[in-house]
There are 2 protein chains.
Amino acid sequence: MTTSVERWDIFEVVLAGPRAGNPFVDVQVGAVFRYKHREIAVDGFYDGDGVYRVRFMPDTVGEWSYVTSSNVAALAGQSGRFVCTEASPGNHGPVTVRDRFHFAYADGTPHVSVGTTCYAWVHQGDALEEQTLETLKHAPFNKMRMCVFPKHYTFNDNEPVYYAYERGDDGAWDFSRFNPAFWRHFEQRVGQLRELGIEADLILFHPYDRWGFADMGAEADDRYLRYIVARLAAYRNVWWSLANEFDLMENKHESDWDRFFRILQESDPYQHLRSIHNCRWFYDHAKPWVTHTSVQHSDLDRIREWRDRYGKPVVIDECKYEGNIGRVWGNISAQEMVHRFWWGTVGGAYMGHGETYLHPEDILWWSKGGVLHGESPARIAFLRKLLEQHAPEGLDPVTIPGAWFQPNDRAKKGEAYYLYYFGLAQPARYQFDLPADKQYALDLIDP
Amino acid sequence: MTTSVERWDIFEVVLAGPRAGNPFVDVQVGAVFRYKHREIAVDGFYDGDGVYRVRFMPDTVGEWSYVTSSNVAALAGQSGRFVCTEASPGNHGPVTVRDRFHFAYADGTPHVSVGTTCYAWVHQGDALEEQTLETLKHAPFNKMRMCVFPKHYTFNDNEPVYYAYERGDDGAWDFSRFNPAFWRHFEQRVGQLRELGIEADLILFHPYDRWGFADMGAEADDRYLRYIVARLAAYRNVWWSLANEFDLMENKHESDWDRFFRILQESDPYQHLRSIHNCRWFYDHAKPWVTHTSVQHSDLDRIREWRDRYGKPVVIDECKYEGNIGRVWGNISAQEMVHRFWWGTVGGAYMGHGETYLHPEDILWWSKGGVLHGESPARIAFLRKLLEQHAPEGLDPVTIPGAWFQPNDRAKKGEAYYLYYFGLAQPARYQFDLPADKQYALDLIDP
């Protein structure tokens, strides 16, 4: 009997090996996967209790083989075969950049990115985490921004259930020993998002930290990146976000971020999407290892500038959140949130949602998940449906050749589809400047 | 019997002189006005029909004398006396810059500038012009942006009643011969605004022209400026706005605008306020002859930057208009107009209104005046009353020392009065960062 796995699903080689010493550091394990003359080298990882795993996501239907390698004899030279079968419905493979400004799944299906944010949802315990998944089942979002490490911040005082590392005998974190229980839990949640068709935009570092994960030192940072790639890159829905608000992490410098990007580039066999999210100023998204421009900003008229400057898809991951907390970034109305989705959409970007309503137990969606209280998701669902029906390949802002003023209220897909968004404007009459040699049907849309 | 005139009102010397040739060019006339040892030289002007006038606005109560001078004997050496009496209630003198960012009248009364715009209202004929004045009587505006020359633009096809110049025998304009009928009418309207307590922000040049007034040549431009100063500077409510959208006037260059400012500086005995209004880019308002920064812009978060850069009062003369026309600059809602007034106010600027609702006879307030149809003026009246009650000396944005993020939602007058404007935010709870050693009374205001 031949093992089989569907295309863009996970094939896993499980090996037994040494428990002594520190296998996380001492043992290298990996495999080369072969399809006809093609070879793909993949790193494995230690999962505790003498168990080693090599995970692989095949991208081609047919017969594959593999052979392992290791600096430990017992883990080396193991080989096997498996069959990659057609992807089942709903499995379109990982998301990639289809052309300069837009995304598609590996099977060619356009991906209209509609994000949300629950930074620390995997650190809240099973009851709340399962409620979050239930909410997502009925929500309009196909991308989730989420941190690997727990969050320390206002409304976020609780300790996580699991930690990514073990503690040493002195009670201090041992950044050379990962905690397999944490990672099994974490990848379970990533897998559940995958089953819901939701991309997991994994935030690898962030500044809101009281444990020390924001400042582990370069050696531990690099080891962490290689470990998470080995464990999680085979999940087709993974995106790598190097940081939430990279520029608030005072102990990391531009050269560190550059190095992190290069480590992801050289380790990830599938080249999942890579980005980095700002607070005050932007990383240079034109650098070759950045696949798309991840933005925190409220002035969405500048999307055209970011498209021009970086030449990549623009994802507005944070344009403030629907809610009613006391911070400026977390108390816009549902109407304003929806306004920003439309505004950014006609700007040629992909928009992200978040929600921060005060809650008696401090369960704010933006960080902990739970249930949605706001009124914007239903309208965002409407917009997503509209885009997927009429312009799934994405919209580009209309450029008027030679004009010194470029309007920020209209986008198009070729000359077949135009979307005008009046936003704050309330024209009683309006003249649409469209190519004269064509006929258009007009829909009046209430967002 | 001694002639008397109240402080900051107009004393006029009328002289009879030659009609032959071209008195506008050939004849120079003026007077020196004396109060004790102080002397003020003032240019006069030809008013047609052999009549010459020298107008003067005395700023000091007491006995004044004058003596005329001219290159024509009949106009020279005429002398006289008059008494300047106390200003009557409501006459506070001309508006000046009181400190870096705020205005006051000459008698020290703070001036909270609340503007509106009716570009071509003096070109609409008596019936509509009188309706405009009647509307202004009950409106909240104390500054009117208005053009000297008529306007040619969408919704503005009608010919004016009067032209500033005579035509020559060939039917072409003679830019060396002013039309006194135009100027008498124009100054009548400026005087009527003065009686209503409304500053006349006179726009001296603008690009929306089909007659040739936008491109008269340097000699005519300069003569025009000297003539309007001689005729109108004695009106205490005059402000000089060099242009509406100076940067759209392709035949005038920065050196021209610099020269125009210098001509106003050297000709105007009272140093009325001077500004210049932009379309795409800004004139350098830091130049010494600019008294305040006149802005067309919609991003009012940048007011702090303009205050810092130019160090002068910021007047947002155009932040789009309440209305429903098809142009982006003329179809924001009343709510958005009011929002911008509050937003700009807590930014430390003074705001201007405009209204562009479609009208069966194309009578849009923004250009022709008439009646107001919108809902913003009543709310603007509320804001003006609030400011005049609580912070007539003007508000400055709150600066948090050392913070990289400066909030754009709060202004203060010293430590006695703070105004927070939540704008798009809807916080359920809010912590006000106020000096700890004081007690504050809190008013919750619905704008």
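Chain identifiers are assigned alphabetically (A, B, ...) following the order of the sequence lines, protein sequences preceding nucleic acid strands; residue numbering begins at 1 within each chain.
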I need the residue from Gln431(A), Gln426(A), Gln335(A) with the largest number of non-hydrogen atom pairs under 4.5 Å to chain B.
Gln426(A)

Using a 4.5 angstrom heavy-atom cutoff, name the option from Pro407(A), Gly323(A), Gly330(A) with the most pairs to chain B.
Gly323(A)

Suppose we call two aromatic rings close when their centres sit under 6.0 Å apart. Are Tyr418(B) and Tyr440(B) close by that rule?
yes

With a 6.0 Å cut-off on the ring centroids, do His277(A) and Tyr283(A) count as close?
no

So does Ser333(B) get a backbone contact from the side chain of Glu322(B), meaning a donor-acceptor N/O pair under 3.5 Å?
no

Does any heavy atom of chain A fall under 4.5 Å from the side chain of [X], the backbone, both, or neither of them?
X         : result
Asp301(B) : neither
Tyr357(B) : side chain
Asn408(B) : neither

Please verify the inter-ring angle class for Trp366(A) with Tyr153(A); under 30° counts as parallel, over 60° as perpendicular, anything in between as tilted.
perpendicular

Taking every non-hydrogen pair under 4.5 Å, which of Ala428(B), Gly423(B), Pro427(B) racks up the most with chain A?
Pro427(B)

Which atoms of Phe405(A) come close to chain B, meaning under 4.5 Å heavy atom to heavy atom: side chain ones, backbone ones, both, or neither?
side chain

Can you say whether Ile332(A) sits under 4.5 Å from chain B via the side chain, the backbone, both, or neither, judging by heavy atoms?
both

Identified side-chain hydrogen bond (donor to acceptor under 3.5 Å, both in side chains) partner of Asp396(B) from the options Lys412(B), Arg307(B), Arg304(B):
Arg307(B)

Looking at side-chain heavy atoms only, is the closest gap between Cys118(B) and Lys368(B) below 4.5 Å?
no

